[in-house]
Amino acid sequence: MKSYPRTAVVALAVLLGAAGCAKSEETPAAAGPSAAASAQQQVVQTPADSAGPTCTLDQFGGTKFDLKTATVGFSQSEKEANPFRIAETKSIKDEAAKLGIADLKVTNAQSQFSKQITDVQQLIAQGVKLLVIAPLNSDGWEPVLQQAAAKKIPIITVDRKINANPCSDYLTFIGSDFYEQGKRAADQMINALSGKGKVAILLGAPGNNVTTERTNGFKDRIKEKAPEIQISFEQTGEFAREKGQQVTEQLIQSNPDINGIYAENDEMALGAVTALKGAGKEPGAIKIVSVDGTRSAVQAIADGWLHAVVESNPRFGPLAFETAQKFLDGQPIPDKVIISDREYDGSNAESSLGEAY
């Protein structure tokens, strides 16, 4: 995928407010005011006028309304023990407050898909005019989509896609290119291992496009660029730190000669670090590459435990509401809005701590 310069702020790019930050046992003290403002923005990678399907208010069949006075719903999917989810929810709430949206209703499915479906159905029953959803799974949304379509409620999905039709079932998806993230993680692993070795994959939760695309991108890139790297172990860590630790403990027992671990999010990577410490491993003995960009993971790079992290920026609030307003103003909205993500490694981890979430 072609990258666009970070400095070229395109039509949907917006500056973000304060970044969300998780507090955990491995989270360092919050950074001071020197943190760069550039870290607190999502920049659109695909230009607004690029070829591809778009949707307008007229095409959708909806009616214009005022965001400030409308009831708006945000459905969070996972327990907010994960720094990504903390930052994501905070960004939505902060931007709604900044814009003067008086009636924002926020739900949390606590990592239960049936609860998320019920949550969103209740939001619809409460009269929301706009839904922003961070889906737990990509499939199984038909009951919600039918109810929202009947009332012409636009749905913006963030960070994960749903398998449905844009401009009819939902409006648009805003998030990262997960396949590209997998490829970039593979490039980092190839560099770390000089193109040879045995690698394990800590898979994300099943049933969503993030896991599938991050896995396929990584595998395809390894096959293309480093056929002497063998993927010898794969098991889900469910995007959770504790599960990542458990799986890694099993891994180093069953595959003591493993050279690298690709964790499909930072929480699993940090769980792997705990397991490696418990096994008496030295920092860097097993190369770990992950995806997210949490402050704890960036600190782990500086400490030598992680080799690199590909960012997945969770600060969706400004871009989600900017997109909704453009739609309500009659402007065409692309079926997907792909954001640009950075990378952290040994060259920039320490200096970038204040920019991570």
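These figures come from a predicted structure and were not determined experimentally.
Residue Glu350 places its CD atom among 12 or fewer non-hydrogen atoms of other residues, nucleotides or ligands, all under 6.0 Å distant. Heavy-atom contacts from other residues, nucleotides or ligands closer than 6.0 Å to NZ of Lys115 number more than 12. No more than 12 heavy-atom neighbours from other residues, nucleotides or ligands sit within 6.0 angstrom of CD on Glu282. Environment of CD in Glu242: sparse, with no more than 12 heavy atoms of neighbouring residues, nucleotides or ligands closer than 6.0 Å.
Residues Ile162 and Leu145 have side chains in contact (heavy-atom distance under 4.5 Å, counting atoms from C-beta outward). Residues Ile288 and Leu276 meet the side-chain proximity criterion, which asks for heavy atoms closer than 4.5 Å. Between Tyr179 and Arg221 there is no side-chain heavy-atom pair separated by less than 4.5 Å. Counting only heavy atoms from C-beta outward, the side chains of Phe178 and Asn216 never approach each other to under 4.5 Å. Within the 4.5 Å cutoff, the side chain of Leu353 has heavy atoms near those of the Gln299 side chain. Between Val199 and Phe218, the closest side-chain pair of non-hydrogen atoms falls below 4.5 Å.
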Does Lys223 form a side chain to side chain contact (heavy atoms under 4.5 Å, CB included) with Asp220? I'd like the steps, not just the answer. CA-CA 5 Å; Lys223 183 178 180 181; Asp220 289 351; 5.7 Å; no
Quick one: do Leu306 and Tyr344 satisfy side chain to side chain contact (heavy atoms under 4.5 Å, CB included)? Show the steps, please. CA-CA 10 Å; Leu306 266 60; Tyr344 300 95; over 6 Å; no
Go through it in stages, so that I can follow the logic: the residues are Glu249 and Gln253, the test is side chain to side chain donor-acceptor pair (under 3.5 Å), and I'd like the CA-CA distance, side-chain angles, deciding distance and then a yes or no. CA-CA 7 Å; Glu249 289 170 347; Gln253 290 292 323; over 6 Å; no
Test side chain to side chain contact (heavy atoms under 4.5 Å, CB included) on Phe65 and Leu130 and set out the steps. CA-CA 10 Å; Phe65 56 86; Leu130 169 71; 4.1 Å; yes
Going through the distances and angles, do Glu180 and Arg184 end up as a salt bridge (charged side-chain N to carboxylate O under 4.0 Å, His left out)? CA-CA 6 Å; Glu180 185 71 15; Arg184 292 166 67 186; 5.4 Å; no
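Across Gly317 and Ile92, no two heavy atoms sit closer than the pair CA-CD1, 3.8 Å. When all heavy atoms of Pro83 and Glu267 are compared, the pair lying nearest together is CD-OE2, 3.4 Å. The nearest pair of heavy atoms linking Pro314 to Gln42 is C-NE2, 4.0 Å. Smallest separation of non-hydrogen atoms from Ile261 and Ala272: CD1-CB, 4.4 Å. Of all the heavy atoms in Lys281 and Trp305, the pair that sits closest is O-CH2, 3.2 Å. Of all heavy-atom pairs between Asn209 and Lys161, the closest is OD1-N, 2.9 Å.
Side-chain contact annotation: Gln250 with Gln246, donor-acceptor N/O pair under 3.5 Å absent. No hydrogens or angles considered: a donor-acceptor pair under 3.5 Å links the side chains of Arg214 and Ser312. When only modelled atom types and interatomic distance are considered, Asp345 and Ser347 share a side-chain donor-acceptor pair under 3.5 Å. Judged purely by distance below 3.5 Å, without hydrogens or angles, the side chains of Asn163 and Ser138 never pair a donor atom with an acceptor atom. Remark: the Asp341 side chain and the Asn313 side chain contain no N/O donor-acceptor pair separated by less than 3.5 Å. Judged purely by distance below 3.5 Å, without hydrogens or angles, the side chains of Glu80 and Thr89 pair a donor atom with an acceptor atom. Ser77 and Arg160 form no side-chain donor-acceptor contact under 3.5 Å, judged by distance and modelled atom types alone.
Ion pairing between a basic and an acidic side chain is recognised when a charged N comes within 4.0 Å of a carboxylate O; Asp159 and Arg85 show such pairing. Ion pairing between a basic and an acidic side chain is recognised when a charged N comes within 4.0 Å of a carboxylate O; Lys225 and Asp187 show no such pairing. Under the 4.0 Å criterion applied to side-chain N and carboxylate O atoms, Asp329 and Lys64 are assigned as salt-bridge partners.
Without hydrogens or angle criteria, Glu311 side chain to Arg342 main chain gives a donor-acceptor distance under 3.5 Å.
Residues satisfying the ring pair (Phe, Tyr, Trp, His ring centres under 6.0 Å) criterion with Phe173, sequence neighbours excluded, are absent altogether.
Ring pair Phe84/Phe239: centre-to-centre distance not below 6.0 Å.
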